[in-house]
2 protein chains.
Amino acid sequence: MAEVKSRRGEYTEATRRALLDAAARLFTERGFARTSLDDVAADARVTKGAIYHHFSSKTGLFEVLFDEVEEQENDRARAAFAAASDPALGVLAALDQFLLACSEPEYGALVFREAPLALGWDAWRRCEEKYSYALLTDMLVALADAGRIPRHAGEALPSIAFGMLGAAGQLLIRTPPQDRERVRAECRLPFVALLAGLSSTTA
Amino acid sequence: MAEVKSRRGEYTEATRRALLDAAARLFTERGFARTSLDDVAADARVTKGAIYHHFSSKTGLFEVLFDEVEEQENDRARAAFAAASDPALGVLAALDQFLLACSEPEYGALVFREAPLALGWDAWRRCEEKYSYALLTDMLVALADAGRIPRHAGEALPSIAFGMLGAAGQLLIRTPPQDRERVRAECRLPFVALLAGLSSTTA
DNA sequence: TCAGTCACATACCCCGAGTATGTTCCCGAC
DNA sequence: GTCGGGAACATACTCGGGGTATGTGACTGA
């Protein structure tokens, strides 16, 4: 009976996945605002009732999607940071991983293009505090611990650095695929320069 | 008769101004999405018909408001930049002017918080290309001409620098007024560091 | 076998942007 | 002086989409 029960569970999980996949596709292609819940339901071969059975609202659906995508990517970036011998190198490794993720179709579009529009700035930042923003602040602390940058109080530096990441991600999103490698290289420059400039004021 | 005609013109201009003022107030306080056109019309003591007589749509109303606010502020920032003897000092002067403007109630909220949500990223960037973004690229060119930073091709640096401005502005918006002076000082640091880092790689 | 609940489908409500159509006032022409 | 017409709105309506309330069949557990 556990089998039958799990069978049923599998079926409902399948529609949930189909809804999430359809939402991911349509939100990245048409954008969050221009895709109705009926569109998502139709793409997943169900109706709007299924959506509201599995998710709380349109933004609720988006948040689940956001968490999925962002958690996966954040793990990779954090691993890249941790794998490096030096925190400064780790930051660049995590940055490269981030820029690479933004070159893929869904991640950047959902997390840095649609999320602010869908959730609003405050909710977006609250959601990001578990992921990119947390990783960023951790990296800044590690850099300060290693004496590579001065220790900063306040939220200005992490906020502005986060804004840099968002701008880089959005730039990559609207860059045609064949130019993305070059743009990724160009994007590294301001971050390297900022690091250099911060470390030079350590003394 | 020119007098009477202008009298009529004054009246219609008055309602147009009342609509723009009401929209500015409500959009900054409640946000663009959470204020209906009926709210704006009621606040201006007219009806929705007046709005669609003077403006093309809700986003059209917002764009006119955006242009008004942004043109005024952009002139000040550009003047601050031009007044300085050195382009590097000019950049900091323009930055200070910008941070000050974001500390006032309407400018930052409309231009950097509501505009992306109201217009979408693409339309927002198109609107900004006449103002902050243009000033920013002009300043980067001036810095390169003066040999203070290397000459960069590509759009990565201006895009990311623009992202920094947006993040700083948004941070100031959500900072309580009594803390804003301190936060402004904190915000200058990453820009100074970026400039220093860029100039150190000039050689 | 039957009550109950899960996993949806169907039908409906409501708000708000946009539109279509009045209505009033002024103005210039005859 | 009046009369056609257009400017400056007001009023009444449509329509799309998020959200809700209710129906329904299938499965499950007692």
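Quick caveat, the model's predicted, so the values are computed rather than measured. Residue numbers begin at 1 in each chain, while the letters A, B, ... track the order of the sequences. Because only heavy atoms are used, hydrogens play no part in the values below, and waters and symmetry mates are left out as well, while side chains stay in.
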Sequence neighbours left out, cut at 3.5 Å: what donor-acceptor pairs do the side chains of residues 157-166 of chain A make with other protein atoms?
{"residue": "Ser159(A)", "atom": "OG", "partner": "Tyr133(A)", "partner atom": "OH", "Å": "3.3"}
{"residue": "Ser159(A)", "atom": "OG", "partner": "Glu155(A)", "partner atom": "O", "Å": "3.0"}

DNA chain D: 5'-proximal contact among Ser56(A) and Arg45(B) (nearest heavy atom)
Arg45(B)
I'd like a table of atom pairs between the protein and nucleotides 22-24 of chain C - only N or O on both sides, under 3.5 Å - with the distance next to each one.
none

Once side-chain hydrogen bond (donor to acceptor under 3.5 Å, both in side chains) is applied, do any residues pair with [X], and if so which ones, sequence neighbours excluded?
X	answer
Thr137(B)	none
Asp96(A)	Arg188(A)
Thr175(B)	none

Starting from the C-alpha separation in whole Å, work towards a yes-or-no answer on side chain to side chain contact (heavy atoms under 4.5 Å, CB included) for Leu195(A) and Arg148(A).
CA-CA 8 Å; Leu195(A) 260 179; Arg148(A) 310 297 291 259; 5.8 Å; no
Under 4.0 Å protein heavy-atom contact, by nucleotide of nucleotides 12-17 of chain C - B base, S sugar-phosphate only:
----SB
Residues in residues 18-26 of chain A with a heavy atom under 4.0 Å of DNA chain C, by number, are none
Please give, in whole Å, the distance from [N] [atom2] to [X] [atom1]?
X	N	atom1	atom2	result
Leu61(A)	dG18(D)	CG	C1'	13 Å
His53(B)	dA20(C)	NE2	P	17 Å
Phe55(A)	dG19(D)	CZ	P	14 Å
Arg34(A)	dG18(D)	CZ	P	13 Å

Just distance, no hydrogens or angles: give the donor-acceptor pairs under 3.5 Å from side chains in residues 113-123 of chain B, sequence neighbours left out.
{"residue": "Arg113(B)", "atom": "NH2", "partner": "Thr28(B)", "partner atom": "O", "Å": "2.7"}
{"residue": "Glu114(B)", "atom": "OE1", "partner": "Phe32(B)", "partner atom": "N", "Å": "2.8"}
{"residue": "Trp121(B)", "atom": "NE1", "partner": "Arg113(A)", "partner atom": "O", "Å": "2.7"}

If the cut-off is 4.0 Å, is Thr47(A) near the phosphate of dC8(C), judged by side-chain N/O to OP1 or OP2?
no
For [Y], is there an ion pair with [X] - N to carboxylate O distance below 4.0 angstrom?
X	Y	value
Asp21(A)	Arg25(A)	no
Asp145(A)	Arg151(A)	yes
Glu129(A)	Arg125(A)	no

By salt bridge (charged side-chain N to carboxylate O under 4.0 Å, His left out) - contacts of Glu63(B) (at least two apart):
none
Any pair counted as ring pair (Phe, Tyr, Trp, His ring centres under 6.0 Å), so long as it reaches residues 80-108 of chain B, sequence neighbours left out
Phe98(B)-Phe112(B)
Pairs meeting criterion ring pair (Phe, Tyr, Trp, His ring centres under 6.0 Å) with involvement of residues 166-199 of chain B, two or more places apart
none
Counting N and O atoms only, with roles assigned by atom type, does the side chain of Arg30(A) sit under 3.5 Å from a partner on the main chain of Thr35(A), one being a donor and the other an acceptor?
no
Within residues 113-122 of chain A, those residues having any heavy atom closer than 4.0 Å to DNA chain D are none
